[in-house]
Amino acid sequence: MTKLLKLPGLIDVHVHLRDPGATQKEDFYTASRAALAGGVVGLVDMPNNPAPTINLKRLVVKKQAAKKSVCDYGFYFGANQENWKDFRKVFSQVFGLKIYMNHTTGPLLVEDLAVLQQHFKNWPQSKPILVHAEQDTLAKAIGLAACWDKWLHVCHLATSEELELVKKAKQKKIKVTCEVTPHHLFLTKDEVKTLGSLAVMRPPLQTRADLKSLWWGINKGIVDLIATDHAPHTLKEKQSSSPPNGIPGLETSLPLLLTALNENKITLKKLIELTSINPAKFLGLKSVKNSWVEVDLNKKWIIEQKNLQTKCGWSAFHGRKVIGKIERVFLRGKKVVENGKIIVKKGFGKPL
Ligand code: NCD
Ligand code: ZN
Ligand code: ZN
Ligand code: ZN
């Protein structure tokens, strides 16, 4: 029996569109098609391109590239060794400041405490400072947020230690929010044995105990939202001798979560809160108006990478059995996806 369910359109606050500069992996058109196919109607692009989004000029170039998008979109500003002086020029045009406090994909890395303090001091309180900060580095980030009284957002929280830090910070009324990714919720480091370099990412996949604490954090209300960290690389790059970090996730996130819903790992209310309501709040929006996803909650199917829209063309979830299929997606009142087909033209996307 078909049991159609209507969900508010998903908003993904952590996506790497790779455009401009690394469009062999993905671009605004292909990534936004993948987004719609996954029920994501709005997304925010990360700044870590080969020529990163670190000044107004680069932001203007980004905006131009984004005109190809079929879903709604926004941007973050990337911190480097000196660009806190430019905050005033870009603040109103971005959803937050991204600081890479650990090594990961791309040229952005800020480890120097004096530089970090300048960023925390100068970025206004009303928008988040998003950090890639793993383990000990997260403690440093929370300390900075507490000292400068700023809004810290923890990207891709992955371990029980990190969850404990965020929980404590929240108890102490430090303004901290956090996201978890589908890959840290559905894969563990055991998968590295079968997937090899395809399962290489930052933060790395963790233990089953960590995965369990992330689900616990979700159901206890410590985790604020789910973001995919869609980080496509070509299969050739991933299978090279120095595979880059990151995996795609836009199209597989909702089916995995619907499966979890079917298995009673998450409630429908929580799923909606984490994928749509809280991401909208995080961006200072109510929602993407008049946008929804119709899903068949009972449909069993298998994720096949050949059916994906992402340019990279592979998935760490290839072959996985899931329960719950996206039937139709509507963006701003218009039907944009039907039966796995994107039925909207290049450029339909608008700034969030
Ligand atoms: C991301 C990428 O490839 O841009 N990679 C990843 O492993 N998550 C960068 C990041 O989010 O750290
Ligand atoms: Zn270092
Ligand atoms: Zn990161
Ligand atoms: Zn990322």
Side-chain angles (χ1 to χ4, degrees), residues 13-16 44 46-48 52-54 76-84 87 96-123 125 127-181 183-185 188-189 192 199-207 209-211 213-214 217 222-229 231 244-247 282:
V13 305
H14 188 153
V15 181
H16 301 269
V44 190
M46 282 292 169
N48 64 332
T53 320
I54 45 152
Y76 296 117
F77 193 61
N80 71 3
Q81 309 309 315
E82 57 187 25
N83 63 354
W84 58 85
F87 287 171
L97 174 70
K98 178 68 183 278
I99 312 182
Y100 291 89
M101 294 177 64
N102 297 119
H103 297 260
T104 183
T105 308
L108 294 175
L109 176 68
V110 183
E111 292 179 304
D112 186 276
L113 185 58
V115 176
L116 286 166
Q117 303 236 62
Q118 288 292 353
H119 286 304
F120 275 83
K121 182 175 157 192
N122 287 289
W123 186 258
Q125 269 169 332
K127 288 184 184 177
I129 297 173
L130 298 92
V131 289
H132 179 129
E134 299 175 30
Q135 296 292 84
D136 305 35
T137 311
L138 179 58
K140 181 172 164 183
I142 292 172
L144 284 162
C147 289
W148 295 101
D149 204 12
K150 294 297 158 79
W151 174 4
L152 185 80
H153 178 74
V154 182
C155 290
H156 43 47
L157 184 134
T159 69
S160 51
E161 293 84 4
E162 291 167 0
L163 187 72
E164 183 73 16
L165 280 176
V166 168
K167 182 177 143 215
K168 284 283 165 203
K170 286 187 171 193
Q171 281 170 2
K172 297 204 181 310
K173 306 284 175 226
I174 298 169
K175 186 149 173 53
V176 182
T177 53
C178 72
E179 69 188 33
V180 297
T181 71
H183 46 273
H184 292 116
L185 289 171
T188 67
K189 62 182 184 187
V192 183
V200 168
M201 74 223 24
R202 296 313 307 179
L205 293 174
Q206 308 290 336
T207 66
D210 289 303
L211 178 147
S213 44
L214 299 189
I222 301 163
V223 173
D224 296 279
L225 54 97
I226 292 174
T228 63
D229 189 13
N245 291 304
I247 69 169
F282 176 77

Apply side-chain contact (heavy atoms from CB on, under 4.5 Å) to the pair Leu130 and Met46, showing each step before the final yes or no. CA-CA 10 Å; Leu130 298 92; Met46 282 292 169; 4.2 Å; yes
List the steps and the verdict of side-chain contact (heavy atoms from CB on, under 4.5 Å) for Trp84 and Val115. CA-CA 9 Å; Trp84 58 85; Val115 176; 3.9 Å; yes
List the steps, then state whether side-chain contact (heavy atoms from CB on, under 4.5 Å) holds for Glu82 with Asn80. CA-CA 6 Å; Glu82 57 187 25; Asn80 71 3; 3.7 Å; yes
Apply the test side-chain contact (heavy atoms from CB on, under 4.5 Å) to residues Leu152 and Ile174: give CA-CA distance (whole Å), side-chain angles for both, the deciding distance (0.1 Å), then the verdict. CA-CA 9 Å; Leu152 185 80; Ile174 298 169; over 6 Å; no
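Salt bridge annotation for Lys121-Asp149: absent, with no cationic side-chain nitrogen under 4.0 angstrom from a carboxylate oxygen.
The heavy-atom pair separating Pro47 from Tyr100 by the smallest distance is CD-OH, 3.9 Å. Among all heavy-atom pairs drawn from Ile222 and Cys178, the shortest one is O-SG, 3.6 Å. Counting all heavy atoms, side chain and backbone alike, Val131 lies closest to Ala141 at CG2-CB, 4.1 Å. Minimum interatomic distance between Ala133 and Leu138 (heavy atoms only, all atoms of both residues): O-CB, 3.5 Å. Nearest heavy atoms, Pro204 versus Glu134: CD-OE1, 3.8 Å.
Residues Ile226 and Leu185 have side chains in contact (heavy-atom distance under 4.5 Å, counting atoms from C-beta outward). No side-chain heavy atom of His103 sits under 4.5 Å from any side-chain heavy atom of Arg202. The side-chain heavy atoms of Trp123 and Trp148, taken from C-beta on, include no pair separated by under 4.5 Å. Residues Val44 and Val15 have side chains not in contact (no heavy-atom distance under 4.5 Å, counting atoms from C-beta outward). Looking only at side-chain heavy atoms (C-beta outward), Leu157 and Val166 come within less than 4.5 Å of each other. Here the side chains of Lys175 and Pro128 are not in contact, with every heavy-atom distance at 4.5 Å or above. Looking at Cys155 and Lys98, their side chains come closer than 4.5 Å, going by heavy atoms from C-beta outward.
Ring to ring, His156 and His184 are not that close: their centroids are 6.0 angstrom or more apart.
The distance from atom CG of Leu165 to atom CG of Asp136, rounded to the nearest 0.5 Å, is 9.0 Å. Rounding to the nearest 0.5 angstrom, the gap separating the CG atom in Leu116 from the CD1 atom in Ile129 is 9.5 Å. The line from OG1 of Thr207 to NZ of Lys189 is 6.5 Å long, rounded to the nearest 0.5 Å. Separating the OG1 atom in Thr228 from the NE2 atom in His16 is a distance of 8.0 Å, to the nearest 0.5 Å. Remark: Met201 CE to Thr105 OG1 distance equals 11.0 Å, nearest 0.5 Å. Note that the CG atom of Asp229 and the NE2 atom of His183 stand 5.0 Å from one another [nearest 0.5 Å].
Under 3.5 Å, the side chains of Thr137 and Asn102 contain a donor-acceptor pair of N or O atoms. With 3.5 Å as the limit, one finds no donor-acceptor pair spanning the side chains of Gln117 and His119. Residues Gln135 and Thr159 have side chains that bring a donor and an acceptor to within less than 3.5 angstrom of each other.
When Glu161, Glu162, Lys167 are each tested for a side chain to side chain contact (heavy atoms under 4.5 Å, CB included) with Glu164, only one passes: Lys167. Evaluated for a side-chain hydrogen bond (donor to acceptor under 3.5 Å, both in side chains) with His14, the options Glu179, His132, His153 yield exactly one hit, Glu179.
Using modelled atom types, no side-chain atom of Tyr76 and backbone atom of Thr53 make a donor-acceptor pair closer than 3.5 Å. The backbone N or O of Gly78 sits less than 3.5 Å from a side-chain atom of Asn83, completing a donor-acceptor pair. With Asp210 contributing its side chain and Gln206 its backbone, the two residues share no donor-acceptor pair below 3.5 Å.
For Ser213, the side-chain contact (heavy atoms from CB on, under 4.5 Å) criterion is met by Ser160, Leu163, not counting sequence neighbours.
Using cut-offs of 30° and 60° for the angle between ring planes, the Trp151 and Phe282 rings count as perpendicular.
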